[in-house]
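The structure presented is a predicted model; accordingly, all values stated were derived computationally and were not measured. Chain naming here is simple, since letters A, B, ... match the order of the sequence lines and numbering starts at 1 in each.
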Amino acid sequence: MSQKFLEIQNELLPKVKLENIFKKDEIKLIAGVDLAYWDVNNTTHGTCCIVVIDYHTKEVIEKVYSYGEITIPYIPGFLAFRELPLIIDTVKKLINLPDLYMFDGNGYLHYRHMGIATHASFFLNKPTIGVAKSYLKIQGTDFMMPKNQAGAYTDININSEVYGRTLRTTKNVKPIFVSCGNWIDLHTSTEIVMNCINKESRLPIPVRLADLETHKVRKQLSHL
DNA sequence: GCGACAG
DNA sequence: ATCTTGTCGC
């Protein structure tokens, strides 16, 4: 199974572009994407929630979700294959199409530069950013802890290539791991993430809201 | 058997 | 990811 997955990701890799294909003032709507899981008998079910906000006012513009059985197991390095089917299904329900998507997980910061944010971009056809809460160690490379100051960061350099960035979004709180998804550069990715931080969470608003939403939906669905 | 391991 | 209460601190 994972052999076929490897082939698919290796074919996509050459199409990744870590450059902005947009102008900053064109970014109006940003979506956060997340999933939550629960078990029914011996099968795993999941819900995908997408929350769209106005990048400038942070107002919630739209929320959509879908749910279904999850058939692909979680395998480190192949998260996209597990979560993409439900994500694609959910995106179809959006009325307000986002200018950019933020994911709970990595993008270019991945064994084959094909974390879920990067992989998903080819189905969404929009710029994407990866935001992970924990570190995925690649080739034994640890990350350097940034200074304890909001906005401080350290680049994750592996074999003379920058895979992503350890970003302290909030003082006195663990850093997050930001990486390019596709069609955007790391500098702009960092800037957009920081512009989506408030006192409520170390996570950018779109991802945080999508996370909260998946918990609500799960509580509702798993109690039926 | 042991340790690694985004979500 | 998920299983789970209280509790320390700003």
Side-chain angles (χ1 to χ4, degrees), chain A residues 2 5-6 9 12 16 32-50 65-88 90 101-121 128-143 148-150 156 158 163-182 186 189 193 198-204 206-223:
Chain A
S2 55
F5 287 171
L6 281 174
Q9 293 189 329
L12 290 174
V16 176
V33 184
D34 194 22
L35 282 82
Y37 301 90
W38 69 95
D39 289 331
V40 176
N41 298 322
N42 284 318
T43 62
T44 297
H45 290 241
T47 176
C48 172
C49 295
I50 300 179
Y65 75 88
S66 59
Y67 59 92
E69 189 174 335
I70 303 294
T71 58
I72 308 295
Y74 169 66
I75 307 169
F78 300 102
L79 179 63
F81 294 95
R82 173 173 167 87
E83 302 197 330
L84 265 179
L86 213 45
I87 290 172
I88 293 170
T90 311
Y101 291 83
M102 293 184 30
F103 287 82
D104 190 338
N106 294 309
Y108 201 73
L109 176 56
H110 178 271
Y111 307 126
R112 294 169 298 282
H113 295 315
M114 202 50 63
I116 188 165
T118 307
H119 196 142
S121 71
T128 59
I129 299 174
V131 177
K133 298 184 292 297
S134 63
Y135 184 60
L136 175 65
K137 184 186 286 189
I138 298 167
Q139 295 176 34
T141 305
D142 287 306
F143 66 89
N148 185 19
Q149 168 186 334
I156 298 163
I158 302 170
Y163 276 50
R165 181 168 280 179
T166 305
L167 176 65
R168 181 95 61 178
T169 61
T170 308
K171 185 176 170 63
N172 296 324
V173 175
K174 288 190 305 180
I176 61 175
F177 304 89
V178 175
S179 59
C180 300
N182 200 359
L186 188 53
S189 298
V193 167
N198 61 21
K199 290 186 175 181
E200 311 296 305
S201 170
R202 70 179 170 129
L203 298 175
V207 169
R208 175 56 176 162
L209 294 182
D211 181 54
L212 292 173
E213 197 65 18
T214 59
H215 292 322
K216 291 182 188 173
V217 173
R218 178 179 57 193
K219 175 171 287 186
Q220 174 201 335
L221 293 179
S222 63
H223 270 304

- Task: Ignoring hydrogens and angles, tell me if any N or O in the side chain of A:Lys171 forms a donor-acceptor pair with the backbone of A:Asn148 under 3.5 Å.
- Result: yes
- Message: Closer than 3.5 angstrom, by distance alone: can the side chain of A:Arg112 be matched with the main-chain N or O of A:Gly77 as a donor-acceptor pair?
- Response: yes
- Item | All stems with DNA chain C, defined as three or more consecutive Watson-Crick or G-U pairs under 3.5 Å | none
- Query: Looking at A:Leu186, A:Thr166, A:Ile138, which hits side-chain contact (heavy atoms from CB on, under 4.5 Å) with A:Leu109?
  - Reply: A:Ile138
- Query: In the 5'-to-3' direction, what one-character label does each nucleotide of nucleotides 2-7 of chain B receive under the scheme B = base within less than 4.0 Å of a protein heavy atom, S = sugar-phosphate only, - = no such atom?
  - Reply: ---BBB
- Message: Checking A:Thr118 against A:His110 for the side chain to side chain contact (heavy atoms under 4.5 Å, CB included) test, could you report, in this order, the C-alpha distance in whole Å, the side-chain angles of both residues, the deciding distance, and whether it holds?
- Response: CA-CA 10 Å; A:Thr118 307; A:His110 178 271; over 6 Å; no
- What nucleic acid atoms does A:His215 come within less than 4.0 Å of, heavy atoms only: base, sugar-phosphate, or nothing? sugar-phosphate
- Task: Grab the CG-C1' distance between A:Asn172 and C:dG9 for me, whole Å please.
- Result: 11 Å
- With rounding to the nearest 0.5 Å, note down the distance linking CD1 in A:Ile72 to CZ in A:Phe5. 4.5 Å
- Would you indicate whether the side-chain heavy atoms of A:Tyr74 and A:Leu79 approach each other to under 4.5 Å? yes
- Task: For A:Phe81, look at atom CZ and say whether over 12 heavy atoms of other residues, nucleotides or ligands are found less than 6.0 Å away.
- Result: yes
- Message: Is there a ring pair (Phe, Tyr, Trp, His ring centres under 6.0 Å) between A:Tyr163 and A:His113? Walk through the geometry before answering.
- Response: CA-CA 8 Å; A:Tyr163 276 50; A:His113 295 315; 4.4 Å; yes
